[in-house]
Amino acid sequence: MDGKSKFGLAEAVVLLTVSNMARIFISFPRTLVEMSGPAAWISSLTGMGLSILQVYLFYMILKPNPGQNIVDIANKSLGNIAGTIFNTIFAFFFLAVAALFTRTFSEALIISALPATPISFLMSGFIMLAVLGSYIGLEAMARSARLTYPFVLSGIVLLLLGLSPLWDLQQVFPILGNGPVNVFIAGGFISGAVTEILLAAVIVKSFHGPEMFFKITSRAMLMGFFYLTMLLLVMVTTLSWNTGQEDTLPFYTLARLVYLGRFFQRVESIFIIIWGFIGIIKVTLTLYASAITLAGTFRLQDHRPLLWPLALIIFTGSILPHDMPAAVRLEALLIREVTWLPTVAMPVVILLVSRLRKRGGPNESG
Amino acid sequence: MKNLLKQVMRILTYQDTTFREGFILKENDFDNKKTGASGAGPKSQEEDGGKKSAGPSRRRARTLRRPGSEGSMESGGADTAKVSTILDRNRETIESIYGLPVNKDIIIRDYTIGTEPPVKSFLVYIDGMSSRTDLNFLMQNLMLEAREISRDPIASAPSILYRLLPGSQAIMLDSFDKIVDAVNYGDTAIFVQGSPQALVVETKGWEHRPVEKPRSEQAISGPQESFIENLRANTALVRKIIRSEKLYTEMLSVGKRYRSDVAVMYMSDLANPDLVKEVKRRISSINVDYITDTGMLEQYIEDSPMNLNPQTHYTERPDRVAAFLAEGKVAIILSGSPYALVVPTTMYAQLHTGEETYLRWQYGTFLRYTRTFSFYLALLLPGLYLAAVLFHQEMIPTDLLLAIAGNRERVPFPTVVEMLMMEFSFELVREAGLRIPSPIGSTIGIVGALILGQAAVQANLFSPVIVIVVAVTGLASFSIPNYSLAFAVRTYRFFYIIMGSMLGFYGITIALFIQIMLTTNLKSFGVPYLSPIAPRTYAGGDVVTRLPIHMQIRRPDYINPQDNVRAPEEPRGWVKGNGGGGGDGRQE
Amino acid sequence: MKAAKLLIVLFIMLLLQGCWGSRETDEIAYVLALGLDKGPDRNIIATFVIANPKVIAGQAGGGGGGTGKDEEPIITASAIAPLPIAAFHLMNVERSRQLSLLHTNVFIISEELAREGLGIYLNSLNRFRETRGTAFVYICRGRAIDFMNRNRPEMEVTPSKQYELISRAARIHSLTRVVQFQKFYTATKSRDIAPVASLVALNEKGLTGEPSRPGTLGDYLAGDMPSTKGESQLMGVAVFKMDKMVGTLTGDETKYLNMLTGEMQFSFLVIPDPLKENTVVGVSLKQAMKPSIKVSTDGEHLHISVELFIEPELVGVSSGTNYESNIQMNIIESELARIIGEGCRQLVDRSQEEFRSDIFGFGRYARKNFLTVQQWRDYNWGDKYSRAEVDIKVNLKIRRTGLMLKTVPVVR
């Protein structure tokens with residue numbers, strides 16, 4: 001299953017959306033609120049716009065080369081050495097994302113649900129599930145996502161609606177939060193740094209062509225950011241941005257506050273099921289993408305033998321941060337500084353080189 | 001007395017007692033001759049049974065063990081022989097094949113055909129398998145009524161066949177292979193002096209039970225017939241519901257030592273021809289001794305034997321088979337088994353019964369939702385209960401939690417042990433209830449439930465909440481219509497119990513994820529198991545919510561039938577106001 | 001199948017590790033309420049009300065020892081430590097079971113401790129995973145440990161149910177304001193609203209004590225209302241500025257507080273009859289809409305205008321006057337409006353001068369006028385509020401008069 005299984009529009013959209021949404025369950029909303037104040041939701045909308053631009057960028061790279069994913073295009077346009085370097089950077093980027101995400105997610109689980117379990121146990125379980133998922137293949141992953149997403153998404157919506165007695169709509173003001181610079185520029189950049197577009201560009205062979213890539217990825221971005229915005233709105237109105245930036249896990253805190261009568265309270269444990277799914281899907285997808293990238297770089301036939309060593313790398317990487325705040329800081333660092341390199345800068349280079357080559361060289365097959 | 005003294009003396013003096021064991025099955029030379037001809041794997045088994053070979057799961061063939069032979073199927077070379085024109089030689093051949101006179105089931109009846117001049121002949125049949133009245137009628141005709149055929153001095157088989165033989169099915173055969181096959185199935189073989197061909201007349205007539213109500217798939221509405229062991233009766237039961245000339249029944253046979261007939265039924269203008277071809281390919285490539293029941297056949301042809309979910313639909317109701325055939329699926333019926341297989345199947349099809357279609361759509365939808373809910377309950381309730389009580393006590397409302405805790409105070413076991421013991425005893429009750437002789441069969445429910453449960457609670461061995469949880473789970477698992485799927489759900493439940501008690505809700509999530517991954521990856525004859533939800537194909541309005549029947553106008557898409565449309569836009573002709581015409585579209 | 005083998009490996013690895021974190025229900029002692037008192041030096045005394053499940057479950061079988069009546073369904077225990085969570089951990093030394101705050105529905109903090117500032121303790125409570133953000137916060141007049149020891153509800157099996165039901169009852173009389181921990185905590189850190197918490201106390205005096213003056217109802221602090229001795233009363237609120245308690249409001253004043261913030265659901269008022277001396281009229285109050293609040297921040301002074309929409313219902317007329325008629329109804333309405341307006345005015349003045357904290361949350365409405373957080377911070381609401389001009393307008397219309405449409409006078 002080297003990305004040769006094909007699946008349809010709905011499944012791909014759901015897969016990418018779910019993976020994109022994974023970051024709202026850990027500390028990411030807190031970071032946004034810290035940066036933008038009550039206008040965090042505006043930052044998220046800005047990020048949505050930026051991500052659509054990114055989608056377009058990738059679309060322009062992929063369109064002249066149907067049937068090839070970005071790894072192949074990089075190899076082709078940049079030649080062997082530079083292409084290999086680029087692709088390796090992509091692969092390691094995915095690995096870093098996966099490692100940090102595993103770490104923060106397992107920390108979140110420990111804090112919220114399983115305080116007595118050692119973290120290595122949780123992380124290794126996580127990674128082994130990711131290996132299983134990548135092994136069985138993307139088709140099954142997409143179908144599983146398709147199967148579970150009604151429960152997942154409606155669970156989130158129910159939570160957000162169940163908090164309606166606690167909403168205080170006045171908390172959304174001052175409307176521009178910490179100032180337009182912070183809100184639009186810094187906040188927009190932070191929330192717009194998504195890895196899913198690059199991921200989609202790697203697995204694009206499973207879509208039915210670059211046109212579908214555009215549709216799928218843009219829809220996935222819209223949906224993912226929509227949920228992020230809703231969560232930020234609810235978070236700001238319920239928790240107030242001042243105290244909201246104190247929470248390690250805003251989503252969990254929100255889930256703890258649901259109080260609909262004597263019977264239905266403290267149901268946050270149900271949301272653990274929702275988190276679990278989303279987290280597992282994201283890590284699986286990232287691991288799969290990095291395996292495929294490496295396989296494509298070195299022109300290997302099958303990506304499956306790569307899975308175990310990559311899993312080991314992810315595990316080791318995820319143990320590296322000292323403590324939870326360090327992990328959160330590292331993630332913020334990764335998002336702010338590093339993500340723009342592989343998701344924007346390098347594709348721009350690839351785009352320019354491939355266009356130049358086409359214009360210059362007469363016989364490039366495009 | 002003297003014997004007793006002798007024996008006591010023997011014991012006291014430690015003498016060996018005389019050999020009492022009698023018969024021991026020794027290893028003998030048979031084991032050394034392994035036929036490596038059809039190499040399915042390094043091991044070959046002593047006997048048959050469900051054992052799988054260790055090789056890749058693609059090959060289903062098994063090695064054969066024939067005492068004393070080198071790979072040919074039947075013993076001796078005489079079977080490939082042809083019928084000879086000399087009657088006595090034929091009789092010798094038959095006697096040697098069947099082992100007469102030792103084998104008393106086979107009867108050879110000599111007689112003379114009453115033509116002018118008379119011709120000697122004998123017929124061969126198996127006592128008990130052939131219908132006596134048919135035979136008498138045959139013989140009456142051959143012996144008494146055969147006046148006209150006299151032109152040739154040798155009455156030839158064709159003329160007898162066409163003019164004298166009043167059997168409803170009769171053919172001419174000349175190879176002993178096929179003749180013996182037919183006789184084994186209950187037909188009668190007639191050998192005529194001077195004819196190089198034998199006649200085989202269909203005279204099957206053995207004892208079988210009448211068509212009864214279904215035992216395991218009961219329904220309140222709809223037809224109440226079920227299949228029986230007779231293949232022809234079964235195909236007739238299906239045919240009488242689908243009265244179409246496009247319904248084809250192809251006969252295949254499986255089993256090398258003991259041959260069984262398999263009927264493959266499908267609608268030739270609906271079913272995907274690739275599907276039919278694949279089904280036939282799989283069945284005819286099975287290389288085994290014999291197959292007694294459809295369950296064994298199912299295990300030989302399914303895609304993933306390791307997966308817990310059943311990949312074929314195992315049913316005993318002809319109306320269900322007919323409904324599936326009308327969708328474009330393929331039915332497989334084995335002679336001797338009252339269950340039929342329908343392929344391909346999806347999990348949603350296994351959760352449907354015909355009852356929802358026969359009732360109005362609101363009731364059908366209600367039934368479906370109830371069943372969906374009980375499916376989830378049967379799967380997840382014990383696991384979720386354990387996870388909540390052990391890890392996430394904050395979820396439970398305070399008063400309920402204090403009640404549970406209070407009831408558990410005097411119970412000596414940890415919750416997991418309690419749960420497992422209760423589950424196990426429930427399975428015991430279920431299993432034992434099958435086999436209890438019927439006079440006390442109904443009391444086992446009372447015994448099991450009341451005494452075991454109530455007394456255990458009174459004795460403070462279990463808490464009442466566990467009893468309730470287990471009982472509800474058991475009831476919920478009974479509501480799953482497909483027997484195999486119910487087993488699968490019961491097995492999955494144990495995994496959830498383990499994972500829930502180890503890691504709480506996160507464990508449940510992990511187990512759910514693994515189960516979903518493995519189930520979505522499953523394919524049943526090329527169709528993904530969870531169609532039409534994953535992957536999304538046109539569902540035909542009939543997955544969980546059942547749409548009103550005049551809205552179900554297309555067939556489900558995942559089997560790619562040849563014709564998608566069941567009915568036109570509005571199948572109810574009378575609605576258009578004209579009253580006449582009726583709905584054109586296929587009648588079901 | 002390869003995937004199955006992978007799974008088996010996974011499974012065995014999981015199983016080999018054993019299992020952590022699973023706690024049987026009979027290994028845990030559930031703390032239903034947590035009380036905080038001031039202790040020696042910088043310590044606090046934390047009191048835990050622990051549930052005794054076997055009594056609560058009321059199992060008749062296996063009756064070793066006394067019947068359910070002899071054993072209490074709850075056990076109270078206390079410990080001294082610098083932080084509530086530290087006390088919580090210390091308690092585990094004494095109890096045979098591990099304490100758990102998972103079902104602590106109520107925090108009771110003594111007034112003494114509240115006046116010193118609660119910030120330090122709230123921090124540890126917020127961080128701890130087991131505490132509920134939906135627990136109620138009560139301030140106790142007197143010592144929390146006394147209150148909790150002697151609070152034995154007769155109709156309820158567990159105190160947790162009692163506290164939860166009392167909190168819901170607060171909706172009916174609106175003489176107190178029930179607040180959940182999350183809101184309380186958020187308010188202690190925010191500039192635009194000051195936290196309040198309900199007052200509880202036990203009634204020591206029985207039926208002695210002053211009855212209500214007409215024009216007010218429930219003009220007491222908790223514990224002062226004359227009623228049965230020994231019953232706990234939830235009335236009035238404690239007012240905070242940031243995290244320090246600065247005062248209390250009686251039940252009556254709390255009613256006006258609830259009106260001004262739009263949280264009053266039902267309440268009751270008894271006013272002196274304007275037409276006849278020495279008689280009273282009783283009305284039940286309901287709020288038709290949330291009050292409309294406009295805050296204008298330009299200009300020198302802060303200007304806040306509040307418009308209330310009250311819909312009372314006539315409940316009792318002791319003078320026999322036919323107030324259901326048109327003209328009389330206007331009289332009653334204007335009298336009611338006057339009284340309510342006065343009550344609100346007095347409360348606002350008190351909040352501005354005495355407490356100097358914005359307990360009504362007008363600051364939330366003021367935020368609309370600012371574009372960025374920085375500007376809002378610079379504005380310094382806490383300071384400006386004390387000098388603001390507040391206009392209160394009461395729109396009152398008696399909608400219904402109960403089952404009687406006309407009162408025929410009693411002929412003497």
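The figures here come from the full heavy-atom set of this structure, side chains too, leaving out hydrogens, waters and symmetry mates. The shown structure was predicted, so the numbers you read here are calculated from the model rather than taken from an experiment. Order of the sequence lines fixes the chain letters, A, B, ..., with proteins taken first and strands second; residue numbering starts at 1 for each chain.
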Requested in this report: Please identify each residue that fulfils ring-ring contact (aromatic ring centres under 6.0 Å, His included) with A:Phe315, with sequence neighbours left out.
Outcome: none
Report summary line: Separation between OG1 (C:Thr134) and CG (A:Leu166), nearest 0.5 Å, reads 9.5 Å
Query raised in the report: For A:Arg103, which residues count as a salt bridge (Lys or Arg N to Asp or Glu O under 4.0 Å) partner, sequence neighbours excluded?
Result: A:Glu107
**Report entry** Residues of residues 358-366 of chain C contacting chain A, heavy-atom criterion under 4.5 Å, by residue number
**Finding:** C:Arg364, C:Tyr365
Query - Largest heavy-atom contact set with chain A, pairs under 4.5 Å, which of C:Arg377, C:Gln182, C:Lys183 - result: C:Gln182
Query raised in the report: Looking at residues at least two apart in the chain, or sitting in another chain, which of them share a side chain to side chain donor-acceptor pair (under 3.5 Å) with C:Lys189?
Result: A:Glu246, C:Tyr185
Query raised in the report: Checking C:Gln180 against chain A: side chain, backbone, both or neither under 4.5 Å from a heavy atom?
Result: side chain
Query - Residue part contacting chain C, namely of A:Ile111, when any heavy atom lies under 4.5 Å - result: backbone
Report summary line: Under 4.5 Å to a heavy atom of chain C? For A:Thr248 that would be neither
Query raised in the report: Using a cut-off of under 4.5 Å for heavy-atom pairs, which of A:Asn242, A:Asp168, A:Asp247 has the most such pairs with chain C?
Result: A:Asp168
